[in-house]
Participant: 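Before I ask anything, let me first share the structure, which is written out below as structure tokens.
Worth knowing before you read on, the calculation uses all heavy atoms, side chains too, and leaves out hydrogens, waters and symmetry mates.
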Amino acid sequence: MPTAVLTDRERTAVQAYLRLLHTVRATLDGPPDAAPAMVPPAVLAEAERALAGAGLAGNEDEFFELLRAWCP
């Protein structure tokens with residue numbers, strides 16, 4: 001499998017997505033009797049901006065290819 005070389009914008013999008021994923025996991029891993037915490041709007045906005053900046057908004061297949069290549 002060839003190694004993908006990400007552009008700065010693609011790397012930023014992958015990193016923002018991973019931060020979003022970790023935030024969602026932390027939210028869902030809370031105590032079962034506690035009300036689920038909201039994911040901060042700033043985290044969602046960062047991911048949206050980064051994906052759009054990399055030209056990946058609405059192009060999930062290409063994004064997940066980059067994600068798999070960069071963070072298997």
Participant: First locate atom CD of Glu48, then atom OH of Tyr17, and finally report the distance between them rounded to the nearest 0.5 Å.
Facilitator: 12.5 Å

Participant: Quick one: pull up CZ in Arg9 and CG in Leu51 and give me the separation to the nearest 0.5 Å.
Facilitator: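 These two atoms lie 12.5 Å from each other.
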
Participant: Got a sec, which residues hit side chain to side chain contact (heavy atoms under 4.5 Å, CB included) with Ala16, two or more places apart in sequence or on another chain?
Facilitator: Arg19, Glu46, Ala47, Ala50

